[in-house]
Amino acid sequence: MKKDFLHYQAQTSPHPLTLQVSRASGSYIYDQDNNAHLDFVAGVSACTLGHCHPKVVAAVTKQASEYMHVMVYGEYVQEPAVAYTKLLASLLPSNLETTYLVNSGTEAIEGALKLAKRATGRHKIVAARNSYHGNTMGSMSVSGAESQKSAFRPLVPGTTFISFNSEKDLAKITTETAAVILETIQGGAGFIVPKNTYLQKVKARCTEVGALLILDEIQPGFGRTGKLFAFEHYNCTPDILVIGKGMASGMPVGAFVASNELMKNLQTQPKLGHITTFGGNPVIAAASLATLQELTTSNIINDTLEKEKLFKKLLKHEYIKEIRGKGLMLAVMLANADITNHVVMHCAKNRLILFWLLFEPKAVRISPPLTISNQEITLGCKLIIEALNSYKK
């Protein structure tokens with residue numbers, strides 16, 4: 001199977017981890033020999049309610065037995081998508097009332113950028129250095145790590161980059177700017193949180209010059225930071241909200257959300273301003289609805305901040321310089337990249353799943369299912385400390 005995987009399925013790196021999966025449940029992934037691997041990554045923040053949550057599985061199974069794909073997006077009334085978007089709107093600020101459902105985070109970014117350009121009649125975008133918004137051409141054009149982009153130039157022109165948390169850079173947002181796009185918490189750069197009311201100041205500058213603010217919550221959204229959406233921590237409501245990853249607890253999905261008035265710009269001039277075949281798929285929408293209902297009728301989100309405290313209490317070591325992030329979106333910053341690689345690989349051998357971040361080689365990603373138990377956190381942290389203790393300089 002491993003040989004076929006490496007030959008027939010395209011790879012994204014020279015050395016994939018090649019864990020052969022047989023099943024997954026809760027906080028564990030099981031290999032072909034039925035060994036349980038404790039998952040501190042959750043499919044890179046995607047499996048919000050853990051693996052194969054019973055309510056998500058039931059919703060998917062029920063919907064798949066009734067109907068699956070029936071028409072391209074936006075033509076037929078399909079109950080799962082309507083119910084989901086209505087519930088989502090009830091939980092968001094009043095200007096975030098209409099949702100365009102797509103297939104992935106990067107597609108949602110593309111749609112958000114198109115909407116901003118269409119609504120403002122402008123074409124220039126301001127984005128942050130070391131940001132990550134996806135790997136399609138438009139998303140890559142507003143992502144801020146040249147190492148990921150240089151091989152694919154030329155990209156979409158018109159993007160100016162600013163430093164996240166830099167107030168002096170706000171002057172680069174001008175009357176020519178269609179939109180500013182920021183991750184609410186920078187992911188690939190090392191889970192960097194906004195400081196000193198930074199997001200509020202960005203929003204004020206956008207309002208001043210007539211630009212729109214797009215917040216990318218693809219990773220921090222859906223309870224991961226201890227609020228349903230991370231922008232709630234920072235008293236800053238975007239004009240366009242981009243979501244994905246944990247939205248359907250393991251199913252492929254994305255969306256962008258704006259006011260109904262703003263979203264109508266995609267209906268005319270041109271008609272079909274943004275189209276997708278499988279966006280709003282009823283099976284995926286059913287999974288999204290089940291996920292959102294469980295998050296908002298339980299203590300899962302509130303418990304996330306307590307679990308953050310437990311991680312920070314247990315993860316103390318001379319090689320750990322700081323722990324960045326919020327909730328269960330944590331980056332353990334180690335002394336150097338060699339220690340990071342050692343920890344990830346040592347823990348893999350001991351059946352604890354960790355992962356790296358895109359642009360910060362000293363960071364170990366910790367983004368487990370929000371349903372992870374305190375006992376599982378304690379076990380995993382013990383294995384991380386053992387890995388750090390085993391490192392030889």
Side-chain angles (χ1 to χ4, degrees), residues 95-96 100 102 105-189 192 194 198-218 231 236-243 254 256-259 261-270 272-274 359:
N95 70 305
L96 298 173
Y100 195 123
V102 292
T106 194
E107 186 188 344
I109 293 290
E110 299 284 345
L113 292 172
K114 288 169 66 178
L115 177 58
K117 290 182 177 183
R118 172 67 183 81
T120 62
R122 306 172 184 177
H123 69 275
K124 293 186 178 181
I125 303 295
V126 172
R129 297 182 183 94
N130 294 321
S131 60
Y132 177 75
H133 298 289
N135 257 234
T136 47
M137 297 301 281
S139 300
M140 200 183 306
S141 300
V142 297
S143 294
E146 186 60 28
S147 60
Q148 290 293 112
K149 303 193 299 185
S150 59
F152 305 104
R153 289 191 177 278
L155 298 173
V156 179
T159 300
T160 297
F161 289 95
I162 60 176
S163 293
F164 195 78
N165 280 324
S166 170
E167 293 182 29
K168 67 179 177 126
D169 275 3
L170 299 185
K172 296 180 180 179
I173 305 168
T174 73
T175 53
E176 295 183 334
T177 304
V180 177
I181 181 168
L182 298 172
E183 298 161 276
T184 309
I185 296 175
Q186 282 202 308
I192 298 171
Y198 174 69
L199 292 180
Q200 291 180 49
K201 291 166 184 172
V202 174
K203 179 65 183 291
R205 179 61 178 169
C206 287
T207 301
E208 181 183 348
V209 300
L212 300 179
L213 175 60
I214 302 170
L215 286 184
D216 177 345
E217 291 248 0
I218 293 168
F231 71 78
C236 175
T237 301
D239 298 292
I240 305 174
L241 175 68
V242 183
I243 53 180
F256 55 105
V257 190
S259 69
E261 179 183 6
L262 199 58
M263 203 68 85
K264 283 181 178 177
N265 283 285
L266 295 178
Q267 296 178 4
T268 60
Q269 298 178 307
L272 306 176
H274 191 70
F359 316 131

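With sequence neighbours excluded, the residues that form a side-chain hydrogen bond (donor to acceptor under 3.5 Å, both in side chains) with Glu208 are Arg205. Under the side-chain hydrogen bond (donor to acceptor under 3.5 Å, both in side chains) criterion, Gln186 pairs with no residue at all, not counting sequence neighbours. Under the salt bridge (charged side-chain N to carboxylate O under 4.0 Å, His left out) criterion, Glu261 pairs with no residue at all, not counting sequence neighbours. For Lys264, the salt bridge (charged side-chain N to carboxylate O under 4.0 Å, His left out) criterion is met by no residue, not counting sequence neighbours. For Thr207, the side-chain contact (heavy atoms from CB on, under 4.5 Å) partners two or more places apart in sequence, or in a different chain, are Lys203. Residues satisfying the side-chain contact (heavy atoms from CB on, under 4.5 Å) test with Ser141, not counting sequence neighbours, are Leu155, Val156. In this structure Arg129 satisfies the salt bridge (charged side-chain N to carboxylate O under 4.0 Å, His left out) test together with Asp169, sequence neighbours excluded. With sequence neighbours excluded, no residue satisfies side-chain hydrogen bond (donor to acceptor under 3.5 Å, both in side chains) with Gln267. The side-chain hydrogen bond (donor to acceptor under 3.5 Å, both in side chains) check on Gln148 picks up nothing, with sequence neighbours excluded.
The NZ atom of Lys149 lies 10.5 Å from the CE atom of Met137; values are rounded to the nearest 0.5 Å. Annotation: the span from Ser139 atom OG to Asp216 atom CG amounts to 8.5 Å, rounded to 0.5 Å. Distance check: Leu115 CG to Leu212 CG gives 7.5 Å after rounding to the nearest 0.5 Å. Between atom CG of residue Leu113 and atom OG1 of residue Thr159 there is a gap of 8.0 Å, rounded to the nearest 0.5 Å. Taking CZ of Arg118 as the reference point, atom OG1 of Thr120 lies at 10.0 Å (rounded to 0.5 Å). One distance of note links CG of Leu215 with CD1 of Ile218; it measures 11.5 Å at 0.5 Å rounding.
Within the 4.5 Å cutoff, no side-chain heavy atoms of Asn130 are placed close to those of Ile192. With a 4.5 Å cut-off on side-chain heavy atoms, Pro194 and Asn165 count as touching.
Counting only distance, with no hydrogens or angles, the side chain of Ser143 and the backbone of His133 share a donor-acceptor pair below 3.5 Å. In this structure, the side chain of Asn95 does not engage the main chain of Ser259 through any donor-acceptor pair within 3.5 Å. In terms of modelled atom types and a separation under 3.5 Å, the side chain of Ser131 and the main chain of Gly144 share a donor-acceptor contact. Proximity of a side-chain donor or acceptor of Glu217 to a complementary backbone N or O of Thr184 within less than 3.5 Å is not detected.
Closest approach of Ala119 to Asn265, counting heavy atoms only: CB-ND2, 3.8 Å. The two residues Val242 and Gly105 have their closest heavy-atom pair at CG1-O, 4.3 Å.
Ring pair Phe256/His274 is perpendicular by interplanar angle, where above 60° counts as perpendicular and below 30° as parallel.
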Practice prompt. Would you please test Cys236 and Leu213 for side chain to side chain contact (heavy atoms under 4.5 Å, CB included) and show each step?
Written response: CA-CA 10 Å; Cys236 175; Leu213 175 60; 3.7 Å; yes
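Pairs of residues two or more places apart, or lying in two chains, never qualify as ring-ring contact (aromatic ring centres under 6.0 Å, His included) while including a residue from residues 166-188. Pairs passing the ring-ring contact (aromatic ring centres under 6.0 Å, His included) check and including a residue from residues 134-169, sequence neighbours excluded, read Phe164-Tyr198.
Put simply, the residue from Leu262, Ile240, Asp239, Leu241 that forms a side chain to side chain contact (heavy atoms under 4.5 Å, CB included) with Leu96 is Leu241.
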Indicate every side-chain donor-acceptor pair of residues 172-180 with a distance under 3.5 Å to a residue at least two apart or in another chain.
{"unit_1": "Thr174", "atom_1": "OG1", "unit_2": "Glu176", "atom_2": "N", "d": "3.1"}
{"unit_1": "Glu176", "atom_1": "OE1", "unit_2": "Lys124", "atom_2": "NZ", "d": "2.8"}
{"unit_1": "Thr177", "atom_1": "OG1", "unit_2": "Thr174", "atom_2": "N", "d": "3.0"}
{"unit_1": "Thr177", "atom_1": "OG1", "unit_2": "Thr174", "atom_2": "O", "d": "3.2"}

